[in-house]
Amino acid sequence: MTNPAEAADLPGRPRAAVPGGPATERATCVLAPNPSVMTLDGTNTWLLSEPGSDLAVVVDPGPLDEGHLRAVVATAEAAGKRIALALLTHGHHDHADGAVRLSELTGAPVRAVDPALRAGGGEGLAAGDVITTGGLDLRVIPTPGHTADSVSFHLPADRAVLTGDTVLGRGTTVVAHPDGRLGDYLDSLRRLRTLTVEEDARTILPAHGPVLDDARGALEYYLAHRAKRLAQVETAVEAGHRSPEEVVAHVYADVDRAVWPAAELSVRAQLDYLGEHGLI
């Protein structure tokens with residue numbers, strides 16, 4: 001675990017504690033028991049509610065794990081709240097597989113960009129949508145790139161944004177080629193950075209890893225990191241490393257090999273981006 005002094009020096013100023021419990025006035029994390037190289041400590045299922053309201057919204061129910069889903073319901077009930085709505089940041093299994101079961105347990109509709117992931121009469125999610133539940137206002141921010149269906153949710157009252165996998169609490173995320181596209185992802189990072197400037201969003205509530213208390217710093221780091229990786233991939237291709245596997249071995253030589261399969265997805269997305277822009 002990172003100590004507070006170290007955390008203060010890291011991009012985005014991550015909180016030292018592993019997620020779980022209240023994070024802002026309106027947001028509480030229920031951590032799913034699915035830790036891995038790709039999910040970090042596990043999936044952060046977010047329970048959102050306006051103070052004094054008896055209604056709650058769940059963002060990313062997580063995997064299909066009965067114990068976790070019942071823990072989400074129990075956390076809401078212990079606070080005197082009923083889960084009235086579930087939202088998905090995107091359709092990856094560790095975020096969405098528990099959504100239908102949560103809907104069965106609570107009667108709450110599930111809203112998602114992908115129609116196949118909606119349940120219980122839930123609607124879609126689009127740019128400009130404002131979701132109001134029990135006095136809680138959430139604004140839908142399209143952030144494709146990690147996947148085509150990725151969205152974030154702006155929680156203005158807490159000056160926070162729930163980023164799904166677009167921004168993680170630790171490390172950087174994968175552009176999940178071919179569904180994810182680097183150009184879209186860069187646009188999404190810029191869109192979120194603008195949110196920190198124009199709407200004073202200060203806190204990132206990610207789907208994996210600790211809460212980030214410096215949203216703008218995290219986004220600037222992500223943009224700089226992507227520019228650096230893109231330059232490294234371009235240089236690797238110029239040096240004769242043509243296949244995605246060769247580029248990964250060259251560019252990610254100092255990274256744990258366990259993440260190389262995921263890194264290859266990002267490299268494929270970067271190669272596509274460089275090709276589309278006539279750079280290779």
Side-chain angles (χ1 to χ4, degrees), residues 15 17-36 38-114 117-123 125 131-138 140 150-155 157-158 160-165 168-169 203-211:
R15 296 184 188 175
V18 171
T24 68
E25 186 176 10
R26 293 164 178 80
T28 295
C29 177
V30 183
L31 182 63
N34 60 333
S36 72
M38 295 304 298
T39 61
L40 305 181
D41 309 294
T43 300
N44 298 335
T45 293
W46 290 103
L47 190 67
L48 310 177
S49 183
E50 189 68 17
S53 172
D54 62 353
L55 300 180
V57 175
V58 169
V59 176
D60 287 345
L64 182 53
D65 181 291
E66 188 75 10
H68 171 64
L69 297 171
R70 290 190 178 276
V72 173
V73 175
T75 300
E77 291 178 345
K81 301 178 187 296
R82 175 178 65 84
I83 295 172
L85 178 66
L87 305 172
L88 297 178
T89 61
H90 64 296
H92 280 166
H93 299 306
D94 55 311
H95 298 253
D97 275 8
V100 170
R101 179 57 180 152
L102 183 71
S103 181
E104 292 171 350
L105 289 170
T106 64
V110 178
R111 295 183 63 174
V113 171
D114 185 347
L117 298 172
R118 301 169 196 167
E123 302 173 347
L125 297 168
I131 299 167
T132 301
T133 304
L136 180 83
D137 286 341
L138 284 174
V140 178
S150 288
V151 294
S152 296
F153 299 103
H154 181 206
L155 179 56
D158 281 351
V161 58
L162 294 92
T163 55
D165 282 357
L168 305 179
T203 303
I204 286 177
L205 305 177
H208 302 286
V211 172

Between [Y] and [X], is there a side-chain heavy-atom distance shorter than 4.5 Å?
| X | Y | value |
| --- | --- | --- |
| Thr106 | Val73 | yes |
| Thr45 | Val58 | yes |
| Asp65 | Pro33 | yes |
| Val57 | Leu87 | yes |
| Pro51 | Arg26 | yes |
| Pro61 | Asp97 | no |
| Thr43 | His92 | no |
| Phe153 | Leu205 | no |

Within this structure, what is the [atom1]-[atom2] distance for the pair [X] and [Y], rounded to the nearest 0.5 Å?
| X | Y | atom1 | atom2 | value |
| --- | --- | --- | --- | --- |
| Trp46 | Thr89 | CH2 | OG1 | 12.5 Å |
| Ser150 | Leu88 | OG | CG | 11.0 Å |
| Thr133 | Leu138 | OG1 | CG | 7.0 Å |
| Asp60 | Leu162 | CG | CG | 8.5 Å |

For a quick test of reading the model, state the closest non-hydrogen atom pair linking [X] to [Y] and the distance between them.
| X | Y | result |
| --- | --- | --- |
| Ile83 | Ala108 | O-CB, 3.7 Å |
| Leu168 | Gly164 | CD2-O, 4.3 Å |
| Lys81 | Ala56 | CB-CB, 4.2 Å |
| Pro109 | Leu85 | O-CD1, 3.5 Å |
| Arg15 | Ala23 | NH1-O, 2.9 Å |
| Ala207 | Asp165 | CB-OD1, 3.7 Å |

Between [X] (side chain) and [Y] (backbone), is there a donor-acceptor pair under 3.5 Å?
| X | Y | result |
| --- | --- | --- |
| Thr28 | Gly21 | no |
| Asp158 | Thr24 | no |
| Asp54 | Gly80 | no |
| Arg111 | Ile131 | no |
| Ser49 | Leu55 | yes |

Item to complete: Apply side-chain contact (heavy atoms from CB on, under 4.5 Å) to Asn44 and Leu31, showing your working.
Response: CA-CA 5 Å; Asn44 298 335; Leu31 182 63; 3.3 Å; yes

Worksheet item: For the side-chain hydrogen bond (donor to acceptor under 3.5 Å, both in side chains) test, which of Thr163, Thr39, Asp94 pairs with His208?
Response: Asp94

Worksheet item: With under 30° as parallel and over 60° as perpendicular, where do the rings of His90 and His95 fit, or are they tilted in between?
Response: tilted

Practice prompt. Apply side chain to side chain donor-acceptor pair (under 3.5 Å) to Thr75 and list each qualifying residue two or more places apart in sequence or on a separate chain.
Written response: none

Worksheet item: Less than 4.0 Å between a side-chain N and a carboxylate O, is that true for Arg118 and Glu123?
Response: no

